[in-house]
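Since this is a predicted model, take the numbers as computed values, not measurements. All ligand and atom numbering here is 1-based and tracks the order in the structure.
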Amino acid sequence: MSPAPFHLECIACARRHGADPPGFACEACGSLLTVVYEPGAFRESARPKGWSGQATGVWRYRGALPVATEAAAVTLAEGNTRLHRCPRLGEKLGLDGLHVKTEGDNPTGSFKDRGMTVGVTKAVERGARTVLCASTGNTSASLAAYAARAGLRAVVLIPAGQIAFGKLAQAVVHGARVVQLRGNFDEGLALAIRLAAERKDLYLLNSINPYRLEGQKTLAYELYEQLGQRAPDVVIAPVGNAGNLSAIWKGFQELAALGLIGRLPRLVGVQAECAAPVVAAWKAGRDRPEPWPRPETLATAIRIGAPVCGVKVLRALRDSGGSALAVSDAEIVEAQRRLARTEGLFIEPGSAAAIAGLSRLAAEAALPRDATIVCVATGAGLKDPDTAIKHGDPPVEADATMQALERLLIDDF
Ligand code: F0G
C-alpha cells in the first residue's frame, strides 16, 4: 500500500515545508511542524482495507505513515501492545470501563519504539549515519536499539545521575555513545537541537521530529481496533516533553477524518506537581507553557520543565474538551503500587502518573461510571526497579529451616 503524498506544515502559520527542513522548525516563524497528507490519497491508503491482514503493530498502518513504500522498515516488531481491562481497580474507583494499555510490551519497554521505528527508518531513507537525542532515559534506550538494528551510530545526551538504571543499561548495551551531561534534560535537549542544526551529519530524533510522532500516533489506530472499531471516551496519559499525547490526538483526528469514528475521546494529560509546566499553562488558559527552570519528581521520565511539544499538547487538550492535572510523587508511588497489587501490572513511575491522575479524577467523581477509559501505561516497571524497591515493603529474612518458615507464616497471617 503506497503512502499518501505528504508535506510538513507549520502548526502556527501553516507554511508548507519540504521533507527535510533544517532543525524541524518552521522557516518562517520557528514553530513546530506536523505531517499533513493529501486528503484524498490518505483516505485511499489509510483506510482499513489497506491494513494488511498479516502485519501487526505499527507497520499494520503503513498506509497512514510517511514512508516510501520501498523503504525497508527498521523494525523490532513494535506496537500491538496489550489492552487490559481492569475490573478490580475499576471497582475500587467506581468505573466500569477501565482499561490500561501497557506500552511496556514494546521491544525496549516503552512507547518510544513506536516512534523510533518510523524515525530511524526516515533517518536511513535520508542517508544519515548518526542519530542523536536528549533523553530522560526511554528515548535513549529506544534510539540505541533501533540504531543498532539499522547499523547506525547513536549519540544520546542524558542528565547525569537522573535516569533510571534499566534505561541506562539499555543505552550502554546497545552501543550508543552515552553522554552524561552535568545538567538537566531541558539543557540537554536545547544542546541536541543546536548540535543537529549545526552538524548536518546528526539526525535528531527527539519529538520535535514530526516523523517520530507519526509512529506514536498508531496507538490511537490500535485502540480503535482493540475496542471493536470505536474510540474510547477518555484517554489519560502522562505528559513530559508532550509529544506522545499530541501524537495520540493526531491519530484520533485521522480516524475521524477517515470516517471511522464519529466522536473523539477527551484527553487528560498528567504531570508531576513539581514538573508541571503544561498543567500550569492549561490552568492559566495559555497556549504555550512557560519553562520551569528546576523540574523535580521521582518519576524521572517526566522530569521536564520546557516541553518541546507543549503548544501541540495544549491545543490537543483544548480541542478534545479534555484537561490537565498535576499529581504528587506520593500519589505516583501509591498509584504504581495499587495497579501492581490490584491488576498485576508493573509500570514505571512516569507511567503511574496517569493512574494517579485517574484516581484523583475518580475521587472527584469527574469521570462517568460507564465511560470507556484508557490509561496509557507508557513504560515497563522493570525500567526502574530502584524506585519500586525503595517504596515497597522490605522482604523478610528467615533461616533456611521449616521451623523458621512456619513461625513466619503463622505470625504473618
Ligand atoms: N512516560 C514515559 C515512561 C516516558 O519515558 C516519557 C517521556 C513520557 C511518559 C512522556 O512522554 O515526553 O511524549 O510527553 N520520556 C522522554 C525520554 C522524554 O527521553 O525518554 P512525552
_atom 13 (O) of ligand 1: the protein heavy-atom neighbour that sits closest, reported with distance to 0.1 Å_ = N244 N, 2.7 Å
*asked:* Under 4.0 Å, heavy-atom basis, I'd like to know which part of A301 is in contact with ligand 1: side chain, backbone, both or neither.
replied: both
*At their closest point, which heavy atom of C13 faces which heavy atom of C29, and how far apart are they?*
SG-SG, 3.8 Å
*Between E273 and S328, is any side-chain donor less than 3.5 angstrom from a side-chain acceptor?*
no
*At their closest point, which heavy atom of T297 faces which heavy atom of R303, and how far apart are they?*
O-NH2, 3.0 Å
*With distance as the sole test, does D186 use its side chain to make a donor-acceptor pair with the main-chain N or O of G305 at under 3.5 Å?*
yes
*In terms of residue, atom name and distance, what is the protein heavy atom nearest to atom 11 (O) of ligand 1?*
F111 CZ, 3.5 Å
*State if S207 counts as touching ligand 1 under the rule of any non-hydrogen atom under 4.0 Å.*
no
_Apply side-chain hydrogen bond (donor to acceptor under 3.5 Å, both in side chains) to residues R114 and T81 and explain how you reach the verdict._
CA-CA 10 Å; R114 290 184 187 273; T81 58; 3.2 Å; yes
*Which heavy atom of the protein is the closest neighbour of atom 7 (C) of ligand 1, given with residue, atom name and distance?*
K112 NZ, 3.0 Å
*Which ligand 1 atoms does G243 reach within 4.0 Å, using its non-hydrogen atoms?*
13 (O), 14 (O), 21 (P)
*Compute whether any side-chain donor of one residue and acceptor of the other, for K112 and Q216, lie under 3.5 angstrom apart.*
no
*Does the T342 side chain pair with the main chain of R338, one donor and one acceptor, at a distance under 3.5 Å?*
yes
_Below 4.0 Å, non-hydrogen atoms only: which portion of I304 touches ligand 1? Side chain, backbone, both or neither._
side chain
*asked:* Check contact between P238 and ligand 1, using heavy atoms of the residue and a distance below 4.0 angstrom.
replied: yes
_For T372 and H99, which I'm curious about, is there any donor-acceptor pair between the side chains at under 3.5 Å?_
no
_Quick one about E225 and Y61 (side-chain donor to acceptor, distance below 3.5 Å, no hydrogens or angles considered), yes or no?_
yes
*Give the numbers and elements of all ligand 1 atoms closer than 4.0 Å to a heavy atom of S135.*
17 (C), 19 (O), 20 (O)
*Considering the options T75, T108, N106, N138, which one meets the side chain to side chain donor-acceptor pair (under 3.5 Å) requirement together with D113?*
T108
*Nearest neighbour in protein (non-hydrogen) for atom 8 (C) of ligand 1*: I302 CG2, 3.7 Å
*So is there a nitrogen or oxygen of E348 less than 3.5 Å from a nitrogen or oxygen in ligand 1?*
no
*Compute whether any side-chain donor of one residue and acceptor of the other, for W249 and S320, lie under 3.5 angstrom apart.*
no
_Proximal atoms of ligand 1 relative to V239 (non-hydrogen, under 4.0 Å)_ = 14 (O)
*Which ligand 1 atoms does G240 reach within 4.0 Å, using its non-hydrogen atoms?*
10 (C), 12 (O), 14 (O), 21 (P)
*Do any nitrogen or oxygen atoms of G379 come within less than 3.5 Å of a nitrogen or oxygen of ligand 1?*
no
*What protein heavy atom sits nearest atom 20 (O) of ligand 1, and how far away is it?*
T139 N, 2.8 Å
*Shortest protein heavy-atom distance from atom 5 (O) of ligand 1, along with the residue and atom involved*: N138 ND2, 2.8 Å
_Taking atom 12 (O) of ligand 1 as the reference point, the nearest protein heavy atom with its distance_ = N241 N, 2.7 Å
*For atom 9 (C) of ligand 1, what's the nearest protein heavy atom and its distance?*
T378 OG1, 3.5 Å
